[in-house]
Amino acid sequence: MASSLVIIATGVAVSGLVYYFFKSHSSLSNQGARMNSDASMILDSIERDGSLDLFVLGEHVKESDFRNRLKDLGFTDPFNDIKEKEYYAYIQDIKTQSISWSSKHPNERPINDISPYNSLAKRDFSTFKFPQQIPTDEHTVVITKPIESKGRNPRNKKFTDKDTEYIVYSQDFGYDQDQRFRIVIAKSAEGYKKVKNELAKGIGGLVLMTTLFVLIAQFVGSYIVLAPIRRIEKEIKLIESGNKQRIEHSYPSELTPIKSAVNTLINSEKGQKKRYRDALDNLAHALKTPLAALQGASIRASEDGKENQQAHIDEQIQRMSALVDYHLRRAVVSDHNAIIKLEKLRPIVFRLRESLIKVHYDKLFDMDIDIDEFAECRVEYDDIMEVFGNLLNNACRFCESKITVTSTLDVNFLIVDIDDDGMGFPDNNPSQLLKRGMRADSKTEGQGIGLAVSAEIVQNAGGKITLLMSPFVGARVRLHLPV
């Protein structure tokens, strides 16, 4: 928050500075454009008196009309206006630096063949120094201080303009290369500086208010964004204290994988003891068939007095050993971190289909699999093999001619439906079949434990199994597998 606030505040401040300089330059350019227009009006209204290189009003221009026009344009009236509003123009000989015309005395004539602008030592307007000659078709606008005071009427006080800044427009013109003049228009910069100061204060206030608003928005935004994290933290503490069993609330998609991983961890830890309790039951169930085969082989060997049953006995013993290893592996959590990786479901189901078609070679049926190649669930590979092995084997046993396996993705689960067109589940309380030893059909082989084992595996992983009716009026086993 601190770093982003600094970045945003810096960006706003830089934007404010850029805007400030742009507006200042724009204001100065506007002043220059106005002065350029005023200079054109002045030059159109005066003409040169060649005797003393003075400029006077043209014969077609009345002095009173010209003064009123200057006043309308904001030029200083030397008899009424005050110093702060000063806006005036003068023309200067570039070579001699002598004054040839002034807007304060626009129609001054020579006095005894002497220029009226050089007849007195004290002057009544300020002049400015320019470092170089300005091209005829160009002009400059600068903010500068005057160098001295010149004019027609004397003042009764010392020159006090030396520390006052002016906006100064200047443009050169002439009739030949040897006789060139410069028109200068000067305006007190007090109003311009006042506008700049007000602009600076306004931008400073805007930057401050924007930064404050961004800070408040940062706090509000962070509170809203972090609210789900605080809620999931609270749920985890309740689970730690034993007041909750799992994370239940819905969270944004960014936190859903964390929720799934934590619930998987909790379910794995919760199912640990149950795995130990069920391991021996599962092992006994799995060993029942090979034990019966061993017993039968032993009886036959005893009756026949032959030893040719030994190979069969060894085969059954190896099978029993493999079953013991598998169920003991299931009795403990193989990954001590209990964070189960995502497994792709499609290749597992296709592999089981190939095997089951060979097992049930004497039965004609079709098994259609509609599982997306990106479908994944957070269940261990061996557990997926056993769950789908049991459920698909049951579907193969009880179907008439058709089995379908489809999947859809929910927010927190991968939903898989296994449908067949067999006899289906009993209408009254089919969920009883998920308990150990419960069977819907006593005519077929089995102990009623495969469906229960599958349900236990899925529940321990954080999912569930639901028994429904299929679209073919057969059995539908719906699995909710955590993702």
Side-chain angles (χ1 to χ4, degrees), residues 246 250 253 256-257 259-261 263-264 267-268 271 330 339-357 359-360 365-425 430-435 438 440 448-483:
R246 56 187 286 115
S250 298
S253 58
T256 300
K259 171 186 174 181
S260 177
N263 281 340
T264 301
N267 291 326
S268 297
R330 285 200 62 248
I339 301 300
I340 301 170
K341 69 177 184 178
L342 290 167
E343 296 286 352
K344 290 188 179 297
L345 185 60
R346 180 183 174 90
I348 294 175
V349 177
F350 270 91
R351 178 181 173 186
L352 288 171
R353 182 179 71 172
E354 297 301 321
S355 299
L356 290 170
I357 289 175
V359 171
H360 299 277
F365 62 89
D366 294 325
M367 185 183 296
D368 297 328
I369 299 173
D370 184 15
I371 298 177
D372 190 271
E373 60 178 326
F374 299 106
E376 296 176 321
C377 60
R378 201 177 294 276
V379 184
E380 290 186 356
Y381 180 83
D382 290 339
D383 288 345
I384 296 176
M385 289 291 292
E386 180 163 0
V387 168
F388 280 89
N390 288 335
L391 298 179
L392 291 175
N393 185 52
N394 286 344
C396 292
R397 288 169 55 197
F398 294 108
C399 75
E400 292 293 336
S401 60
K402 187 175 182 62
I403 300 171
T404 62
V405 184
T406 58
S407 70
T408 56
L409 183 62
D410 197 4
V411 177
N412 298 317
F413 296 97
L414 177 67
I415 301 176
V416 181
D417 289 331
I418 301 175
D419 297 312
D420 64 61
D421 59 352
M423 63 181 182
F425 299 116
S431 61
Q432 291 292 323
L433 298 177
L434 299 177
K435 297 181 179 179
M438 299 298 296
I449 199 172
L451 192 57
V453 169
S454 300
E456 291 168 1
I457 292 173
V458 173
Q459 288 172 1
N460 289 336
K464 65 178 180 178
I465 290 181
T466 308
L467 304 182
L468 305 168
M469 178 183 293
S470 76
F472 318 120
V473 199
R476 163 173 283 184
V477 180
R478 171 167 290 178
L479 296 92
H480 290 73
L481 302 176
V483 294

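- Listed by chain and residue number, Arg476 satisfy the side chain to side chain donor-acceptor pair (under 3.5 Å) test with Asp419 (two or more places apart in sequence, or in another chain).
- Of all heavy-atom pairs between Cys399 and Cys396, the closest is SG-O, 3.7 Å.
- At least one donor-acceptor pair under 3.5 Å links the side chain of Asn460 to the backbone N or O of Glu456.
- Without hydrogens or angle criteria, Thr264 side chain to Ser260 main chain gives a donor-acceptor distance under 3.5 Å.
- For the pair Asp421 (side chain) and Gly474 (backbone), a donor-acceptor distance under 3.5 Å is absent.
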_Determine whether Val405 and Leu392 satisfy the following criterion, side-chain contact (heavy atoms from CB on, under 4.5 Å), listing intermediate values before the conclusion._
CA-CA 9 Å; Val405 184; Leu392 291 175; 3.8 Å; yes
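- A search for side chain to side chain donor-acceptor pair (under 3.5 Å) contacts involving Asp370 returns nothing, not counting sequence neighbours.
- Atoms CG and CG, on Leu451 and Asn393 in that order, are 12.0 Å from each other to the nearest 0.5 Å.
- Of the possible polar contacts, one joining the Asn390 side chain to the Glu386 backbone as a donor-acceptor pair under 3.5 Å is found.
- How far CG of Leu468 is from CD1 of Ile418: 12.0 Å, rounded to the nearest 0.5 Å.
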*Derivation of the side-chain contact (heavy atoms from CB on, under 4.5 Å) call for Phe398 and Ile403*: CA-CA 10 Å; Phe398 294 108; Ile403 300 171; over 6 Å; no
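- Side-chain contact, Ser401 with Asp366: no donor N or O sits under 3.5 Å from an acceptor N or O.
- Side-chain atoms of Leu434 and Leu467, non-hydrogen and from C-beta on, do get closer than 4.5 Å to each other.
- Counting heavy atoms from C-beta outward, Phe365 and Glu400 have side chains that stay 4.5 Å or more apart.
- Using a 4.5 Å heavy-atom threshold, the side chains of Val453 and Val387 count as separate.
- Judged purely by atom type and a 3.5 angstrom limit, Asn263 has no side-chain atom pairing as donor or acceptor with the backbone of Arg246.
- Applying the salt bridge (charged side-chain N to carboxylate O under 4.0 Å, His left out) test to every pair with at least one member in residues 465-474, sequence neighbours left out, gives no pairs at all.
- Scanning for side chain to side chain donor-acceptor pair (under 3.5 Å) contacts around Lys344 gives Glu376, with sequence neighbours left out.
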*Stepwise side-chain contact (heavy atoms from CB on, under 4.5 Å) test for Arg397 and His360*: CA-CA 8 Å; Arg397 288 169 55 197; His360 299 277; 3.7 Å; yes
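- Atom OG of Ser454 and atom CG of Leu391 lie 4.5 Å apart (nearest 0.5 Å).
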What pairs of donor and acceptor atoms, side-chain ones from residues 346-355 against any protein atom, are under 3.5 angstrom apart with sequence neighbours left out?
unit_1 : atom_1 : unit_2 : atom_2 : d
Arg346 : NH1    : Ile371 : O      : 2.6
Arg351 : NH1    : Tyr381 : OH     : 2.6
Arg353 : NH1    : Met367 : O      : 2.9
Ser355 : OG     : Arg351 : O      : 3.3

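- Smallest separation of non-hydrogen atoms from Ser407 and Asp372: OG-N, 3.8 Å.
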Check: residues 408-417 side-chain donor-acceptor pairs under 3.5 Å, at least two apart:
unit_1 : atom_1 : unit_2 : atom_2 : d
Asp417 : OD1    : Arg478 : NE     : 2.8
Asp417 : OD2    : Arg478 : NH2    : 3.1

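- Note that the CZ atom of Phe472 and the NZ atom of Lys402 stand 5.0 Å from one another [nearest 0.5 Å].
- Remark: Lys464 NZ to Leu481 CG distance equals 12.0 Å, nearest 0.5 Å.
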